[in-house]
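Down below is the structure, laid out as structure tokens.
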Amino acid sequence: MRKIYRGETRKWKAQFLRSDRIQFLSAIPLSSGSFLYYMLTRDKGFYLAKKSIGSDSLQNAFDLLQKQQDEVFSKDGKFTFDNYSSKAVYTYSYRNEFIVADTNLQLLYRGHTIDTNSIAKITLSTPDENGIIKMTSPPFVVNRKCSVSHGYLFINAALKADNQSKKQFTNSLTIDIYDLKDGKYCSSFLIPNEKKAKLMEFKMEGDKFIALFDQTLKAFKVTVAGINLNRR
């Protein structure tokens with residue numbers, strides 16, 4: 001079971017929140033007393049929830065993530081929160097869709113990326129005697145990684161664009177930008193790929209792109225024509 005610790009950065013000491021013993025995949029703090037959770041159960045699959053510290057009940061948003069083939073794999077994705085716009089963002093891994101919600105996990109809109117794959121291309125087994133379903137072949141990934149900053153969503157696109165050469169796509173990471181105000185595509189930029197190293201995670205902070213490649217951490221300053229990445 002994952003645990004949450006709370007503390008102050010001026011002291012760099014944290015204490016375990018004993019009042020919040022729930023199982024979750026990831027947690028995003030909204031304040032010192034409430035969190036958004038990314039959850040997984042056998043019957044509901046992936047879903048989002050909100051909880052206040054000390055409360056006995058979860059505010060579940062079961063209908064926010066929509067299944068296609070099944071409750072688990074077709075709903076798989078990445079959960080982030082943009083402090084600038086106070087919006088929760090969920091980006092599906094295997095289809096061209098992302099979800100934007102408010103701090104109470106009420107749907108604001110469903111956005112779509114510039115990719116055309118609207119249906120998750122996954123192959124699943126039939127349930128075994130324990131009701132467990134597995135992938136029988138590697139999934140067709142559409143969105144690899146994502147990050148949010150200053151009202152923008154940044155997605156590491158997994159598929160080559162029509163206007164990209166094979167060499168350019170292989171040697172670079174393609175990052176597509178979407179405005180969280182309305183979900184519209186803004187622009188894209190390229191980041192040099194680390195040779196023979198996999199992108200583990202990346203974080204946008206204004207115009208700073210911070211990437212973890214296996215055991216290497218790199219930072220880049222990004223400039224995109226017509227877009228203020230440090231907007232206030």
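- In terms of modelled atom types and a separation under 3.5 Å, the side chain of T80 and the main chain of V148 share no donor-acceptor contact.
- Counting only N and O atoms by type, the side chains of N117 and K121 include a donor and acceptor under 3.5 Å apart.
- In this structure, R232 has no salt bridge (charged side-chain N to carboxylate O under 4.0 Å, His left out) partners at least two apart in sequence or on a different chain.
- The NZ atom of K203 sits 4.5 Å away from the OG atom of S147 when rounded to the nearest 0.5 Å.
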- Test D63 against K44 for salt bridge (charged side-chain N to carboxylate O under 4.0 Å, His left out), laying out the working first. CA-CA 10 Å; D63 297 330; K44 296 294 184 181; over 6 Å; no
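- Within the 3.5 Å criterion, the main-chain N or O of A49 finds no donor-acceptor partner in the side chain of Q59.
- At distances below 3.5 Å, not a single donor-acceptor pair connects side-chain atoms of D179 with backbone N or O atoms of D182.
- Shown here are the salt bridge (charged side-chain N to carboxylate O under 4.0 Å, His left out) partners of R110, two or more places apart in sequence or in another chain: E97.
- For the pair K75 and R95, the minimum side-chain heavy-atom distance is below 4.5 Å.
- Within 6.0 Å of the NZ atom in K181, the count of heavy atoms belonging to other residues, nucleotides or ligands does not exceed 12.
- When all heavy atoms of N96 and D115 are compared, the closest pair comes out as ND2-O, 2.7 Å.
- The cluster map of Ile, Leu, Val, Met, Phe, Trp and Tyr, joined by side-chain heavy atoms under 4.5 Å apart, puts L153 and Y109 in the same cluster.
- Between E194 and K218, at least one side-chain N (NZ, or NE/NH1/NH2) sits under 4.0 Å from a carboxylate O, which counts as a salt bridge.
- Closest approach of S187 and I227 over heavy atoms only: CB-CD1, 3.8 Å.
- For the pair Y152 and V224, the minimum side-chain heavy-atom distance is 4.5 Å or more.
- A distance of 6.0 Å or more separates the ring centres of Y47 and Y38.
- Of the possible donor and acceptor atoms, one in the side chain of T136 sits under 3.5 Å from a partner among the backbone N and O of T123.
- When every heavy atom of Y84 is checked against every heavy atom of R231, the shortest pair comes out as CE1-O, 3.3 Å.
- The backbone N or O of M200 lies less than 3.5 Å from no partner atom in the side chain of D214, so there is not a single donor-acceptor pair.
- What you find for Q69 and L124 is that their closest heavy atoms are CB-CD1, 4.1 Å.
- Inter-residue side-chain proximity for T113 and D176 is flagged as unmet; no heavy-atom pair is nearer than 4.5 Å.
- In this structure, the side chain of D82 does not engage the main chain of S86 through any donor-acceptor pair within 3.5 Å.
- What you find for L180 and S85 is that their closest heavy atoms are CD1-OG, 4.1 Å.
- Linking ILVMFWY residues whenever their side-chain heavy atoms come closer than 4.5 Å, directly or via other members, places Y90 and L107 in the same cluster.
- Nearest heavy atoms, K50 versus L30: CE-CD1, 3.7 Å.
- In this structure the side chain of T174 reaches within 4.5 angstrom of the side chain of F169, judged on heavy atoms.
- The ring pair (Phe, Tyr, Trp, His ring centres under 6.0 Å) test with Y185 singles out one residue from F154, F98, Y178, and that residue is Y178.
- Between Y92 and S74 there is no side-chain heavy-atom pair separated by less than 4.5 Å.
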